[in-house]
Protein chains: 2
Amino acid sequence: MPQELLQAETSGGHDLLDGVEPESAQKLAHAALDSFFEVGYGGTTTRHISQQAGMSTGSLYSSYRSKEELLFLLTQLGHQSALQVLVAASEQPGTASDRVRAMVYEFTIWHARNYRIARVCQYQLAALAPEHHAAIAKIRHEIERVLRAEVEVGVASGEFDVVDVKGFVLAALSLGIDVARWFSPTGRQTPEALAGSYAGLAMRMLGTV
Amino acid sequence: MPQELLQAETSGGHDLLDGVEPESAQKLAHAALDSFFEVGYGGTTTRHISQQAGMSTGSLYSSYRSKEELLFLLTQLGHQSALQVLVAASEQPGTASDRVRAMVYEFTIWHARNYRIARVCQYQLAALAPEHHAAIAKIRHEIERVLRAEVEVGVASGEFDVVDVKGFVLAALSLGIDVARWFSPTGRQTPEALAGSYAGLAMRMLGTV
DNA sequence: GTCTATAGGAAGATAGAC
DNA sequence: GTCTATCTTCCTATAGAC
């Protein structure tokens, strides 16, 4: 069973899975991420995960109870990391505009830089066991709550001109999340340019003065 | 082998799969859609599809060559239908604003009303054979081209104030597409309200005067 | 903790009868 | 076109040796 330490250093060559111990569990986690990303949870076999990790089929089960537990680990690490960058952006000094802009920017850039684990996080949730799904749903609600709270600060202060706060929050998170569907580091867009574009569009949506 | 007639009557109780003939092929297509939606392409078995369609396992293969061909049929019908509503909206009279607003509205509403086939279309593409994937990519490029062309009309006429046309097109399509990830008819949002919200946000992104 | 071996079943696709 | 039967391969998970 791996330690679930959150090592959310997403830039500078670090990896979201660096905190998974011991090494065999980390190798399996990497192999599982590759496979879930490529062929989905249903298309992934435990044999393939084990072999990509350089182990025998049976050895997977001394690190993890099941294929589903491996999905849960990845999904949990990804969601915790995404929430963390959003919270960090919301704690910046400045105006509500500054903070919301930073939140959209960082959320988008996270989905681009971590597009592999992000894609697994966003599109394989239905394969989780009910209790694991509920745990992830809590983090997702928190992500929504953190952004909505900051938007409401800007509405109250008159910085933003929005009637439909829920609609904006939904749209802003959707923009970031959908990046995980199509992003590729071999494409023309850099994470930074993309995040800048979306942050600017979000400011327009808010009718900033 | 089913006829691939496009029956894009998406409202009024009609079904995108109505044009699939004969009836056995249509039943299999419905069952495949259900299963691809629920557990993904990799998690779907031909046995399950056949049994849900009320047939034996082997009978699937007198309508379709493979599981992948069934995915291709669904993906093709969905994409053709989505393109069709976008083209219809682009042919409306009025200003470029009217047309782009209608395009975002209709594209969003399509992904909400057809959220099951839309989810399969958007998230199972990687399972397609290369030649099938290429055929779908053509339709997707056409979808992007149609919207971009109309935005450029509005930019040229001075109706829109956008520097980054590609960024806007990407964001507007993303908003619509991402609806397929989370939409449920049992949720609080109606397709109409959602589409209206996103169409309004798109107009703000365009800096309409 | 890792291995080999295996249980016990299910996978995609095909063959041949009706 | 649909059925039953089957080929061959593969599946998740466990058992027991080292």
Side-chain angles (χ1 to χ4, degrees), chain A residues 1-4 17 19-36 38-75 120 124 126-132, chain B residues 1-4 17 20-75 120 124 126-132:
Chain A
M1 203 80 66
Q3 293 299 103
E4 286 160 13
L17 271 43
V20 179
E21 299 281 357
E23 199 196 336
S24 56
Q26 187 180 134
K27 275 187 179 166
L28 287 164
H30 272 112
L33 174 56
D34 287 351
S35 188
F36 293 159
E38 292 291 343
V39 295
Y41 181 81
T44 294
T45 68
T46 53
R47 274 177 157 77
H48 187 242
I49 293 172
S50 304
Q51 281 163 17
Q52 289 301 114
M55 303 170 71
S56 70
T57 315
S59 294
L60 184 152
Y61 295 90
S62 52
S63 290
Y64 301 96
R65 258 196 289 261
S66 66
K67 188 170 81 161
E68 190 270 345
E69 190 179 88
L70 216 22
L71 176 64
F72 177 56
L73 169 69
L74 296 172
T75 306
V120 173
Q124 307 296 327
L128 289 172
E131 66 274 22
H132 287 162
Chain B
M1 202 80 68
Q3 294 297 104
E4 286 160 13
L17 272 42
V20 178
E21 300 280 357
E23 198 196 337
S24 57
Q26 187 178 134
K27 274 187 180 167
L28 287 164
H30 272 112
L33 173 55
D34 287 351
S35 188
F36 293 159
F37 176 82
E38 291 290 342
V39 295
Y41 180 82
T44 294
T45 69
T46 53
R47 280 179 157 76
H48 186 242
I49 293 173
S50 304
Q51 281 163 17
Q52 288 302 113
M55 303 170 72
S56 71
T57 315
S59 294
L60 185 151
Y61 295 90
S62 53
S63 291
Y64 301 95
R65 258 196 289 263
S66 65
K67 187 171 82 161
E68 190 270 345
E69 191 179 87
L70 216 22
L71 175 65
F72 178 56
L73 168 69
L74 297 173
T75 307
V120 173
Q124 307 296 327
L128 288 172
E131 65 273 21
H132 287 162

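Below, chains carry the letters A, B, ... as their sequence lines are ordered, and counting in each starts from 1.
Listed by first and then second residue, the side chain to side chain donor-acceptor pair (under 3.5 Å) pairs that reach into residues 26-44 of chain B are B:Asp15-B:His30, B:Asp34-B:Arg116, B:Ser35-B:Thr44, sequence neighbours excluded.
Within a 6.0 Å radius of CD in B:Glu131, more than 12 heavy atoms belonging to other residues, nucleotides or ligands are found.
If you take NE2 of A:His48 and P of D:dC10, they are 13 Å apart, rounded to a whole angstrom. Rounded to an integer number of Å, the gap from NZ of A:Lys67 to C1' of D:dT14 is 17 Å. The interatomic distance linking B:Glu68 (CD) with C:dA13 (C1') rounds to 14 Å, in whole Å. In this structure, CG of A:Leu60 is placed 10 Å from P of D:dT12, rounded to the nearest angstrom. Here the C1' atom of nucleotide D:dG1 and the NZ atom of B:Lys27 are 13 Å apart, to the nearest Å. Rounded to an integer number of Å, the gap from CD1 of B:Ile49 to P of C:dA11 is 11 Å. Between the CD atom of A:Glu69 and the C1' atom of D:dA13 there is a distance of 14 Å, rounded to whole Å. In this structure, the OH atom of A:Tyr64 is 14 Å from the C1' atom of C:dG1, given to the nearest Å.
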Less than 3.5 Å apart, which donor and acceptor atoms pair up between the side chains of residues 49-57 of chain B and the rest of the protein, not counting sequence neighbours?
residue, atom, partner, partner atom, Å
B:Ser50, OG, B:Thr46, O, 2.8
B:Ser56, OG, B:Ser59, OG, 3.0

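The distance from atom CG of B:Leu28 to atom CG of B:Leu33, rounded to the nearest 0.5 Å, is 12.5 Å.
Listed nucleotides C:dT2, C:dA13, D:dT12 differ in distance to A:Ser62; the shortest reach to its side chain belongs to C:dT2.
Two residues are said to be in side-chain contact when any heavy atoms from C-beta on lie closer than 4.5 Å; B:Leu70 and B:Leu60 meet this criterion.
Using a 4.0 Å cut-off on heavy atoms, the residues of residues 38-46 of chain B that approach DNA chain C are B:Thr44, B:Thr45, B:Thr46, listed by number.
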Applying side-chain contact (heavy atoms from CB on, under 4.5 Å) to B:Leu74 and B:Leu17, what does each step give before you reach the verdict?
CA-CA 8 Å; B:Leu74 297 173; B:Leu17 272 42; 3.9 Å; yes
From CA spacing to verdict: side-chain contact (heavy atoms from CB on, under 4.5 Å), B:Gln124, B:Thr75:
CA-CA 9 Å; B:Gln124 307 296 327; B:Thr75 307; 5.9 Å; no
Please test A:Phe36 against A:Lys67 for side-chain contact (heavy atoms from CB on, under 4.5 Å), starting from the C-alpha separation and ending with a verdict.
CA-CA 10 Å; A:Phe36 293 159; A:Lys67 188 170 81 161; 4.2 Å; yes
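At least one side-chain nitrogen or oxygen of B:Tyr61 sits closer than 4.0 Å to the OP1 or OP2 atom of C:dA13.
For B:Ala126, there are no side chain to side chain contact (heavy atoms under 4.5 Å, CB included) partners at least two apart in sequence or on another chain. With sequence neighbours left out, A:His132 forms a side chain to side chain contact (heavy atoms under 4.5 Å, CB included) with A:Glu68, A:Phe72, A:Leu128, A:Ala129.
Of all heavy-atom pairs between A:Tyr64 and A:Ala29, the closest is OH-CB, 3.9 Å.
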Where do N or O atoms of nucleotides 3-6 of chain D meet protein N or O atoms at under 3.5 Å, pair by pair?
residue, atom, partner, partner atom, Å
D:dC3, OP2, B:Ser56, N, 2.8
D:dC3, OP2, B:Ser56, OG, 2.9
D:dC3, OP2, B:Ser59, OG, 2.8

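Between its opening and closing five pairs, the helix from C:dG1-D:dC18 to C:dC18-D:dG1 changes axis direction by 0°, a value rounded to 10 degrees.
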